[in-house]
Amino acid sequence: MSRIRILPEAIANRIAAGEVVERPASVVKELLENALDAGARSVRIEVESGGKRMIRVVDDGSGMSHDDALLAFERHATSKLRTSDDLLSIATLGFRGEALPSIASVARLLLETSVGGEEQGTRVEFAGGKLVGVKPAGLPAGTSVSVADLFYCVPARRKFLKSDTTELGHVASLVTHYALANPDKQFALKTPTQEIVNAPPVATLAERVYQLFGRQALEEMIEIAPVSAPIRAAITEPDLDEGGRAGELTVRGFVSRPEVQRANRNGIYIFVNRRLVRDRLLLHAIHEAYRNILPADAFPMTLLFVDLPCDEVDVNVHPAKIEVRFRHSQCVHDFARDAIRQALSKARPIASFAVPARPTAPASGGQPGVAAAVAPAPMAPPRAVLPLSDAYPGASEGFALTEAPVQPETQRFAFEAPGAVSPMGVGEQIEAHSGEAAEVPAQYMEAPASATCLGELRPLGQVNASFIVAVNSEGLWIIDQHVAHERVLFEQHLRSRREGALTGQRLLVPIVVDLTPRQRAILEQISEELSANGFDVTPMGPQSVAIQATPAGVPNSDAERLVAEILDGIEREHQAISIDSLQSQIAASTACHAAIKVNMPLDQTKMEWLLGELAKTESPMSCPHGRPVILRYSLREIERAFKRV
Ligand SMILES: Nc1ncnc2c1ncn2[C@@H]1O[C@H](COP(=O)(O)OP(=O)(O)O)[C@@H](O)[C@H]1O
Ligand SMILES: [Mg+2]
């Protein structure tokens, strides 16, 4: 007797639901994608109890006919694909035809839809996967899907849901991201007590960022103006092109200024053809772009939009469609990296002093018209829709706001990874981002100064023989002499290395050091590059090496530590290292050891020289390890602190 059976439809749907529907935010994601695919100009989302009790998504899109409204609930029923070739160039957000039957199998679902005009609308009701009613109804054009009591018939699943606040956070985050991807459409997210997102259509991405996050966030970001290039196979990539056809690749978006640092990747958003994805390749490109600008353990915030022809990207690699595969991955990677680098190099901003805020100071105005359109939230008027901690119920009582005057840059931009795109469930990581209510001088922050004015700095003296105090027309500046010099030497060293091999300085007496087996293995791998950087490190016996030469400027006393640092630095990388990043790691370590130290008196000429050299660097605001080089106390901040303005 055969033991293998074809599963009944209802079970198959629930299995599919296991992949597609993880939590309320995943339902919202599917419904939102359907609304956008249906050409909606406006999407309204209502949730109750974090979406556990009720989710309703109302759109003004094409709607469905009576027959389609029923067909939509058949497994693998879709209007978006016809042939398997269509799979190779998917232009819609959905295509699997699984969402509606999956959701209907694990909740109570009411679909109300109408194509408008003469035709009557249709109301279809499902409970736990069973059709319980179909009725004609007079309805406006468009579709409304209400999903109640999610997982009511799958208790095991229900147990995995987090608190209402957490689930709502995921929903808010998700809606925020689709709103970012579609500035020309209207998005609204409401709970019975609160309007969380209210974003009418706008003309630019910048306006949408402003609507959703406020002026402050916008100031912390640098815009990547759209840049396009034909897609080409890289040299290292097998050329998959049959003919000479070359599609266009476009990159645009926002990336955080170098002084903005996050402890995790939650602020990184990548959209490929307006679909929010987690893509390792692009994550890597972002990481590369910030190399030597941010410390290795810090992350930027990005809203990166990559657009390319549909047949250049395979979206059919993940059930929830959160991963993609590029046909010409190297090209996409390098182009994105360079676009971000370019934007970063233009901005060159400088860290500002944190001035204690006056708690009663009015929030800065921005554009009243737009700000007014955004729902007011308890404590951050102009940035009412900060998606999570600031913006949804419970935020004010549930999460203690940080009291300390934390670095203003680090905590203000509260993007969170949406639950729907993270199968691992990042729901528990809602952090206490201190908003305006904390001691952070939000209203004092100005657009960061550009580094172009650095050339006019006049040094006044040193604090503690370590920090140079200087002035110019913009205000008062303090420069960390060690990291400033480090930045100068780093760029010089790297530039010279890229022009050719460097000659080092020979040590009078070689220094013999013992290496760990791991260090020896690394040394073997990179010895050629070390020599080209002016090092001479010769093996001596099974465990030891003799350091015979180091790059110019490195004191003998630092030689041993420098070599160990380079070897250990690479040890930590885990993965294959590119020659580019190897070179910059060597340059960064060398610069650190060759730079003037703190506690070193400098005369006027030396200070002037250092500031002059710093002004010439590409990234004067941070050292190669990502620490700030310069603090600025702007004239305006000084005036405010003295209560003159
Ligand atoms: N909001 C909507 N407006 C119009 N048509 C819709 C809407 N939602 C779903 N549909 C129709 O139902 C079909 C099935 O939806 P779904 O199960 O999400 O699969 P998919 O989106 O992968 O095609 C869609 O292909 C579409 O034709
Ligand atoms: Mg769909």
Side-chain angles (χ1 to χ4, degrees), residues 9-10 12-22 25-46 55-84 86-87 89-107 109-117 119 121-126 129 131 134 137 139-147 174-175 178 181-182 185-188 273-276 310 314-322 420-421:
E9 174 92 358
N13 281 338
R14 268 199 204 166
I15 292 173
E19 285 178 332
V20 180
V21 187
E22 189 205 353
S26 5
V27 173
V28 176
K29 175 177 191 278
E30 294 296 336
L31 298 181
L32 209 58
E33 290 191 347
N34 281 348
L36 293 170
D37 281 345
R41 313 281 322 148
S42 160
V43 192
R44 211 172 70 228
I45 300 116
E46 294 160 26
I55 297 167
R56 180 174 297 123
V57 176
V58 184
D59 71 54
D60 61 354
S62 63
M64 283 177 267
S65 67
H66 170 271
D67 292 357
D68 278 354
L70 286 171
L71 255 182
F73 290 92
E74 296 291 326
R75 204 154 134 70
H76 303 307
T78 179
S79 56
K80 300 167 194 175
L81 279 187
R82 287 191 188 279
T83 68
S84 75
D86 292 349
L87 260 185
S89 64
I90 292 168
T92 47
L93 293 164
F95 56 87
R96 299 170 60 99
E98 285 184 329
L100 287 181
S102 299
I103 297 167
S105 75
V106 293
L109 186 149
L110 172 68
L111 171 86
E112 295 175 296
T113 188
S114 163
V115 294
E119 223 177 295
T122 311
R123 191 172 276 146
V124 180
E125 222 179 318
F126 276 85
L131 179 65
V134 192
L139 294 165
T143 302
S144 155
V145 181
S146 310
V147 177
L174 189 104
V175 174
Y178 280 91
N182 299 277
K185 307 204 157 144
Q186 165 143 25
F187 288 82
N273 290 346
R274 297 197 177 194
R275 184 195 299 281
L276 181 70
C310 303
D314 186 357
V315 293
N316 186 27
V317 290
H318 187 282
K321 301 164 289 187
I322 63 174
V421 300

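In each ligand, atom 1 is the first atom listed, and ligand 1 is the first ligand listed. The figures here come from the full heavy-atom set of this structure, side chains too, leaving out hydrogens, waters and symmetry mates.
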Nearest protein heavy atom with distance in Å, relative to [atom]:
atom	value
atom 1 (N) of ligand 1	Asp59 OD2, 2.8 Å
atom 14 (C) of ligand 1	Ala77 O, 3.4 Å
atom 12 (O) of ligand 1	Ala72 CB, 3.4 Å
atom 4 (C) of ligand 1	Ala38 CB, 3.5 Å
atom 23 (O) of ligand 1	Thr78 OG1, 2.5 Å
atom 26 (C) of ligand 1	Ser79 OG, 3.5 Å
atom 18 (O) of ligand 1	Asn34 ND2, 2.8 Å

Checking the side chain of [X] only, and the main-chain atoms of [Y] only, is there a donor and an acceptor separated by less than 3.5 Å?
X	Y	result
Asp37	Gly94	yes
Arg275	Leu93	yes
Asp60	Ser42	yes

| note | In this structure, OG1 of Thr143 is separated from CE of Met64 (nearest 0.5 Å) by 4.5 Å
| query | Looking at Asn316, Leu81, Thr78, which one forms a side chain to side chain contact (heavy atoms under 4.5 Å, CB included) with Arg96? | reply | Asn316
| Under the criterion side chain to side chain contact (heavy atoms under 4.5 Å, CB included), which of Leu100, Ile103, Val147 is the partner of Glu30? |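 Passing option: Ile103.
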| field | Asn34 near the Mg ion (ligand 2) via N/O/S, less than 2.8 Å | value |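 Yes, Asn34 qualifies, because one of its backbone or side-chain N, O or S atoms lies under 2.8 Å.
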| field | Subset of ligand 1 atoms that lie under 4.0 Å from at least one heavy atom of Glu98 | value | 17 (O), 19 (O)
Regarding ligand 1, does [X] bring an N or O atom to under 3.5 Å of one of the ligand's N or O atoms?
X	answer
Glu30	no
Ser62	no
Met64	no
Gly63	no
Ala99	yes

| task | Heavy-atom distances under 4.0 Å are what count here, so tell me which part of Asp37 touches ligand 1: side chain, backbone, both or neither. | result | neither
| With a 4.0 Å heavy-atom cut-off (strictly under), which part of Thr143 contacts ligand 1: side chain, backbone, both or neither? | side chain
| Pair Phe73-Phe126, ring pair (Phe, Tyr, Trp, His ring centres under 6.0 Å): steps then yes or no | CA-CA 9 Å; Phe73 290 92; Phe126 276 85; 4.3 Å; yes
| said: Using the rule given for side-chain contact (heavy atoms from CB on, under 4.5 Å), can you reason through Lys185 versus Val43, listing the C-alpha separation, both sets of side-chain angles and the distance that settles it, and then say yes or no? | reply: CA-CA 8 Å; Lys185 307 204 157 144; Val43 192; 5.9 Å; no
| Stepwise, does the side-chain contact (heavy atoms from CB on, under 4.5 Å) test hold for Leu70 with Leu131? | CA-CA 9 Å; Leu70 286 171; Leu131 179 65; 4.2 Å; yes
| Pair Val134-His66, side-chain contact (heavy atoms from CB on, under 4.5 Å): steps then yes or no | CA-CA 9 Å; Val134 192; His66 170 271; 3.8 Å; yes
| request: May I ask whether Gly97 places a heavy atom under 4.0 Å from ligand 1? | output: yes
